[in-house]
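Written out below as structure tokens is the structure these notes cover.
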Amino acid sequence: MTSVFHQVTEPGARISADVLVLGGGIVGAAVARELSRAGADVALVEAAGPAAGSSGRCDGNVLVQTKHDDLGVRLTLRSIEAYRRWDGELDGGLGFHQRGSLVFFADPEQDAGAPRRVARLHAAGVRAEHVDGDELRRREPALRPGLAGAVDCHDDASVYPPGAVAALLRDAVRHGCRTHWGVRALRLLTGRDGRVRGVRTDRGDFAAPHVVNAMGVWSPGLDAGGLVPLPIRPRQGVLVVTEEAPGLIRRTVTEAGYMADRAAAGDGTRPAVAFVAEPTGRGNLLLGSSRRFCGARTDVDPDLFTAIVARAVGFLPGLARVRAIRSFAGLRPWTPDNRPIVGESGAIPGYVLATGHEGEGVGLAPVTAELVTAAVLGRPAPGEVLDAALDAFAPDRFAGHSEAAGEVS
Ligand SMILES: Cc1cc2nc3c(=O)[nH]c(=O)nc-3n(C[C@H](O)[C@H](O)[C@H](O)COP(=O)(O)OP(=O)(O)OC[C@H]3O[C@@H](n4cnc5c(N)ncnc54)[C@H](O)[C@@H]3O)c2cc1C
């Protein structure tokens, strides 16, 4: 098996490549693999190790039905198809399951909007149905009685993010990608013509005509000269992991309020807690989740832990007999319009952004890799949906934006 740890980078080493991918999370790993398979000479530069950032501290849901607009639905569907394909191509570890997911409504008023949601999903070719409270209990008997109904989306899927990062990187390395662990990118290097010529790192200058910034919440920390700083802020989320409780739930279940919390721009430090439970391959449950702005803190606030557990037990009473075995916090790379920042910078040719995915980096990593590969190779975006994404995710939409950059030290 190819080791992803094979490269030791000596200080002052002379490194050059066609493309430098900065960041070894799910986005950087997917981009590095896609570009390597397309024949590019790729070097991946990561300050720590694989999945050391948000991708090692998150759920692995890839849910079509929680998306707010048609573009999000179509992109996530495309990502799920990619993950299914990758499951066959990669040598294990992806943890891909397509068990579907349920988003439930606690009161009839919320439930009344479900047929419209389902019609929208059907229009995009998604397999989903509206079920009433009785049918919901038949499908997930551990949910508390009295819920109004749910949308059961059969196309929804999940992966194991750290396993996915490792599997993608192994395959990237197999296709010639070099990996530089423990190397911190500091500054973009440009030539007199304004084009990218590489990156200054704490181990010396690495040369390349293309640099992809996939550093998640840390991406504003790359000094890109006079460019307006990226308006990305870390939005913390806490997860609680239970001991194995096989069969308690069969698929990811989410309260409808989760979607509203994800969309809300956030008002500073007040945390929002909404119930989501994801069964892992071994039967442990990941219970979440919270959203709050508190800088780059990844400590778990005891009150938040208690609030997440109490909310989960309220919807899944059987959890009262299941022990929590650990909890952790991760950081979502938030942007002011809740859309990622993907594509080539208009101001610095050769500088490509692949960041700002907030709570959808796992779900959107495959399509992000396609978009970045097209941008680097100078090809049109493959397909109408990706073409629309290039517009919606364009890096230059924030030029002149006043939001303070969320640099994380
Ligand atoms: C509680 C929680 C639950 C979530 N659930 C889901 C979910 O179910 N589905 C979903 O799609 N998303 C989910 N997310 C969001 C998801 O975790 C992120 O969108 C995703 O991990 C971002 O991936 P990334 O590769 O962009 O960033 P990261 O994984 O953070 O990778 C960035 C990498 O850059 C490295 N780096 C930093 N600085 C430098 C530097 N100077 N030089 C080189 N490298 C550097 C870091 O070490 C890090 O490894 C969740 C997030 C949280 C917090």
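Start at 1 and go down the list; that is how both ligands and their atoms are numbered. Along the sequence shown, the residues carry numbers beginning at 1.
- Considering backbone and side-chain N/O of Leu239, none are found under 3.5 Å from N/O of ligand 1.
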Give the C-alpha distance, both sets of side-chain angles, the deciding distance and a yes or no for salt bridge (charged side-chain N to carboxylate O under 4.0 Å, His left out) between Asp299 and Arg297. CA-CA 6 Å; Asp299 57 314; Arg297 281 174 51 191; 3.1 Å; yes
Run the salt bridge (charged side-chain N to carboxylate O under 4.0 Å, His left out) check on Arg332 and Glu360 step by step: do they pass? CA-CA 9 Å; Arg332 303 179 183 92; Glu360 297 180 347; over 6 Å; no
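- Aromatic ring pairs are classed by plane angle as parallel below 30°, tilted from 30° to 60° and perpendicular above 60°; the pair Phe104 and Phe275 is tilted.
- Counting heavy atoms under 4.0 Å from ligand 1, residue Gln236 does not touch it at all.
- Each of the following atoms of ligand 1 lies closer than 4.0 Å to a heavy atom of Asn61: 7 (C), 8 (O), 9 (N), 10 (C), 11 (O).
- Geometrically, Arg233 engages Phe293 in a cation-pi contact, judged by NZ or CZ lying under 6.0 Å from the ring centre and within 45° of the ring axis.
- Contacts of Leu331 with ligand 1, taken as heavy-atom pairs under 4.0 Å, involve the backbone alone.
- Put simply, no part of Thr355 is less than 4.0 Å from ligand 1, judged by heavy atoms.
- Nearest protein heavy-atom neighbour of atom 37 (C) of ligand 1: Trp218 CB, 3.4 Å.
- With hydrogens left out, the protein atom closest to atom 44 (N) of ligand 1 is Ala47 N, 3.0 Å, a heavy atom.
- The protein heavy atom nearest to atom 30 (O) of ligand 1 is Ser54 N, 2.9 Å.
- Taking both residues in full, the closest heavy atoms of Gly363 and Pro366 are given as O-CD, 3.9 Å, listed atom of the first, atom of the second, then distance.
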Between Asp171 and Arg174, is the salt bridge (charged side-chain N to carboxylate O under 4.0 Å, His left out) condition met? List the steps. CA-CA 5 Å; Asp171 199 52; Arg174 214 173 280 132; 2.9 Å; yes
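- The shortest N/O to N/O separation between Ala185 and ligand 1 falls below 3.5 Å.
- Annotation: Arg144, atom CZ; neighbour count of heavy atoms from other residues, nucleotides and ligands within 6.0 Å is above 12.
- Listed by number with element, the atoms of ligand 1 under 4.0 Å from a non-hydrogen atom of Gly330 are 53 (C).
- Checked against the 6.0 Å centroid threshold, His210 and Tyr351 do not count as a close aromatic pair.
- For ligand 1, the atoms sitting less than 4.0 Å from at least one non-hydrogen atom of Ile26 are 23 (O), 25 (O), numbered in the order shown with element in parentheses.
- Annotation for ligand 1: atoms under 4.0 Å from non-hydrogen atoms of Gly237 are 1 (C).
- Counting protein heavy atoms only, atom 3 (C) of ligand 1 is closest to Asp59 N, 3.5 Å.
- If you take CZ on Arg195 and CG on Leu189, they are separated by 14.0 Å, rounding to the nearest 0.5 Å.
- Contact annotation: for Ala29 versus ligand 1, there are no heavy atoms closer than 4.0 Å.
- A donor atom on one side chain and an acceptor atom on the other are found under 3.5 Å apart for Asp111 and His130.
- For Val183, every heavy-atom contact with ligand 1 shorter than 4.0 Å involves the backbone, none the side chain.
- Using 4.0 Å as the threshold, Val217 has no heavy atom nearer than that to any atom of ligand 1.
- Within the structure, ligand 1 lacks Gly288 among the residues with a heavy atom less than 4.0 angstrom away.
- Here the options are Thr254, Asp156, Asp155, Thr252, the test is side chain to side chain donor-acceptor pair (under 3.5 Å), and the partner is Ser101; only Asp156 passes.
- Listed by number with element, the atoms of ligand 1 under 4.0 Å from a non-hydrogen atom of Arg332 are 1 (C), 2 (C), 51 (C), 52 (C), 53 (C).
- Atoms of ligand 1 lying under 4.0 Å from at least one heavy atom of Gly23, given by number and element, are 33 (C), 34 (O).
- Judged by a 6.0 Å distance limit and a 45° cone about the ring axis, Arg291 is not positioned over the six-membered ring of Trp334.
- If you check which protein heavy atom lies closest to atom 33 (C) of ligand 1, you get Glu46 OE1, 3.5 Å.
- Closest to atom 27 (O) of ligand 1 among all protein heavy atoms lies Gly216 CA, 3.7 Å.
- Minimum heavy-atom separation, Gly216 to Thr355: O-OG1, 3.3 Å.
- Each of Val342, Leu353, Val27 was scored for a side chain to side chain contact (heavy atoms under 4.5 Å, CB included) with Val372, with one residue passing: Val342.
- No heavy atom of Gly221 sits closer than 4.0 Å to any atom of ligand 1.
- Using a 4.0 Å cut-off to heavy atoms of Gly25, the atoms of ligand 1 that qualify are 25 (O), 29 (O), 31 (O).
- Residue contact check for ligand 1: Leu22 places no non-hydrogen atom closer than 4.0 Å to it.
- Of the protein's heavy atoms, Ser55 OG, 2.9 Å lies nearest to atom 21 (O) of ligand 1.
- By the criterion of a heavy-atom distance under 4.0 Å, both the backbone and the side chain of Val27 are placed next to ligand 1.
- Against a heavy-atom cut-off of under 4.0 Å, Gly363 is close to the following atoms of ligand 1: 10 (C), 11 (O).
- Residue Val362 has at least one N or O atom closer than 3.5 Å to an N or O atom of ligand 1.
- In terms of protein heavy atoms, atom 19 (O) of ligand 1 is closest to Glu358 O, 2.6 Å.
- Heavy atoms from other residues, nucleotides or ligands lying under 6.0 Å from CZ of Phe328 number more than 12.
- Side-chain atoms of Arg33 and Thr373 include no donor-acceptor pair closer than 3.5 Å.
- When only modelled atom types and interatomic distance are considered, Arg117 and Gln65 share no side-chain donor-acceptor pair under 3.5 Å.
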